[in-house]
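Scope of the values below: all heavy atoms of this structure, side chains included, with no hydrogens, waters or symmetry mates. A, B, ... follow the sequence lines: proteins, then strands. Residue 1 opens every chain.
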Number of protein chains: 2
Amino acid sequence: MDQSYAIDAFGALAHDTRLQIFRLLVQRGPAGTPAMEVGRLLDLKPSTLSGHLATLKRAGLVQAERQHREVLYAPRLQTVNGLVRFLLEDCCGGDEAACAGLAPPPA
Amino acid sequence: MDQSYAIDAFGALAHDTRLQIFRLLVQRGPAGTPAMEVGRLLDLKPSTLSGHLATLKRAGLVQAERQHREVLYAPRLQTVNGLVRFLLEDCCGGDEAACAGLAPPPA
DNA sequence: TCCTCATTTCGCGTAATCACGAAATATGGA
DNA sequence: TCCATATTTCGTGATTACGCGAAATGAGGA
């Protein structure tokens, strides 16, 4: 994870529709969801949806796999993890004590 | 954390200079860093810096505290934590097994 | 091969974002 | 009070992102 990848990823998430799409894919799980179904659930025009999925894919936040006629989209949670690590890298100059309790793990 | 807050936060991080500023503040720690020092370290014009700090503050990613003549900026890591939780909310439809190993905690 | 469904690419008008100079405001010292 | 330092606000021109209709492409099935 470097600066420019992180910017692409944050930029991809910084949009109402794309954030909805990503969260939907997270909830749907790793098996993937057909693009068309995403569009139907969120009421999106095909070209608009396609553009947003492409943006998310370019940013490494989702992956696409063709399954017969459909394209299944699934989230890449490793990228989310990479973003967090990048953000908190060398937190408090490496001083564990100063950092403790500032960002408790999601669990 | 709701959708529109998350969008503001991701949007704030989706910018080269702002991402640098935020990471710098994370590394500097919770005691805070004077705005001017941030500007000097990253070579930013005062008005540009001020605008970016305001954006980060509006997004809840940093907090500002006046200390005599200077304004100290410190990161709010709870917001980062909130963003991650929001992103991964109801991951895999709540199926722990399907979700396991997809996003190992940063630690 | 021909047709249809699923998805992507292109093009355009509109709207939001950016950097930065200049001016305004806040704070404490002489 | 007057001034210097630290920071914010305002205005402007240039770049970039958005939604979406129309057309193109890809992948089976008849």
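- Atom CZ of B:R23 sits about 11.5 Å away from atom SG of A:C91, to the nearest 0.5 Å.
- Using cut-offs of 30° and 60° on the angle between ring planes, the pair B:F10 and A:F10 is parallel.
- To the nearest angstrom, P of C:dA16 lies 14 Å from CD1 of B:I7.
- The two residues A:A74 and A:G32 have their closest heavy-atom pair at CB-CA, 3.9 Å.
- B:R58 has its CZ atom 12 Å from the C1' atom of D:dT8, to the nearest Å.
- Listed nucleotides: C:dA19, D:dT7, C:dT8. Nearest to the side chain of A:S50: C:dT8.
- Checked against D:dA6, D:dG26, D:dT7, the side chain of B:R69 finds its nearest nucleotide in D:dA6.
- Among the heavy atoms of the strands lying under 4.0 Å from B:R18 are primed sugar atoms or P, OP1, OP2 only; no base atom is included.
- Distance A:R66 CZ to C:dT7 P: 8 Å, rounded to the nearest Å.
- Between A:M36 atom CE and C:dC5 atom C1' the separation is 7 Å, expressed in whole Å.
- The distance from atom CG of B:D8 to atom P of C:dA16 is 14 Å, rounded to the nearest whole Å.
- A:E70 places its CD atom 11 Å from the P atom of D:dG28, with the value rounded to the nearest Å.
- The shortest distance between the side-chain N/O atoms of A:H52 and the OP1/OP2 oxygens of D:dG19 is below 4.0 Å.
- Ranking C:dA22, D:dT7, D:dG19 by closeness to the B:S47 side chain, first place goes to C:dA22.
- An OP1 or OP2 oxygen of D:dA27 is reached within less than 4.0 angstrom by no side-chain nitrogen or oxygen of A:H68.
- Computed from coordinates, the A:K45 NZ to D:dA23 C1' distance equals 17 Å when rounded to whole Å.
- The nearest whole Å value for the distance from the NE2 atom in A:H15 to the P atom in C:dA16 is 12 Å.
- The main-chain N or O of B:H52 is never found under 3.5 Å from a side-chain atom of B:R18 such that the two would form a donor-acceptor pair.
- Mapping B:A54 and A:Q67 onto DNA chain D via the closest heavy atom, the residue that lands nearer the 5' end is B:A54.
- To the nearest 0.5 Å, atoms CG (A:L56) and CZ (A:R76) are separated by 12.5 Å.
- One finds no side-chain N or O of A:Y73 lying less than 4.0 angstrom from the OP1 or OP2 phosphate oxygen of C:dA6.
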